[in-house]
Amino acid sequence: MLSGRNLRRLLDLRRRITTEAVALRSGQRRRLLAAMETARRQRLPGPRDPLRDLTTGEVLRQIKWLTGTLSLEEAEAAVGALERLKRVQPRHAARR
């Protein structure tokens with residue numbers, strides 16, 4: 001059971017993931033989803049279905065669904081991945 005403070009943090013992290021995932025490029029969304037799935041697999045060991053190829057819309061839909069089921073630890077891992085993805089600069093911007 002989460003304390004009130006941790007529950008608030010979890011809800012804030014989930015909201016942040018959902019809103020910031022929309023602004024990511026398609027490849028970044030796929031990497032975010034992979035990081036979220038990895039965090040889930042590390043926390044809950046056992047047999048899992050392999051990650052499948054998804055369309056762009058399915059990736060965002062999967063991120064939004066998975067975000068609603070994340071634990072606090074998984075949400076913190078996903079936000080860490082989100083931060084790393086946002087720090088990466090687009091290749092075409094580096095050429096200027």
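All values reported here derive from a predicted model rather than from experimental measurement. Any value given below was found using the heavy atoms of this structure, including those in side chains, with hydrogens, waters and symmetry copies removed.
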> For Ala77, what residues pass the side-chain contact (heavy atoms from CB on, under 4.5 Å) criterion, not counting sequence neighbours?
Replying inline: Ala39
> Of all heavy-atom pairs between Thr69 and Glu74, which one has the smallest distance, and what is that distance?
Replying inline: O-OE1, 4.1 Å
Less than 3.5 Å apart, which donor and acceptor atoms pair up between the side chains of residues 3-12 and the rest of the protein, not counting sequence neighbours?
{"unit_1": "Ser3", "atom_1": "OG", "unit_2": "Asn6", "atom_2": "N", "d": "3.3"}
{"unit_1": "Arg9", "atom_1": "NE", "unit_2": "Glu76", "atom_2": "OE2", "d": "3.3"}
{"unit_1": "Asp12", "atom_1": "OD1", "unit_2": "Arg15", "atom_2": "NH1", "d": "3.0"}

> Are the side chain of Arg29 and the backbone of Ala21 linked by a donor-acceptor contact shorter than 3.5 Å?
Replying inline: yes
> Looking only at heavy atoms, what is the nearest atom pair of Ala78 and Leu32, with distance?
Replying inline: O-CD1, 3.6 Å
> Any link between Leu13 and Trp65 through a network of hydrophobic side chains (Ile, Leu, Val, Met, Phe, Trp, Tyr) touching at under 4.5 Å?
Replying inline: yes
> Partners of Leu54 by side-chain contact (heavy atoms from CB on, under 4.5 Å), sequence neighbours excluded?
Replying inline: Arg30, Leu33, Arg52, Glu58, Val59, Gln62
>> On a heavy-atom basis, which atom in Leu66 and which in Met36 lie closest, and how many Å separate them?
In response: CD2-CB, 3.7 Å
> Minimum heavy-atom separation for Glu20 to Leu82, with atom names?
Replying inline: OE1-CD2, 3.2 Å
> Could you give the distance from CD1 (Ile17) to CG (Leu70), rounded to the nearest 0.5 Å?
Replying inline: 5.5 Å
> For the atom pair NZ (Lys64) and CZ (Arg61), what is the distance rounded to the nearest 0.5 Å?
Replying inline: 9.5 Å
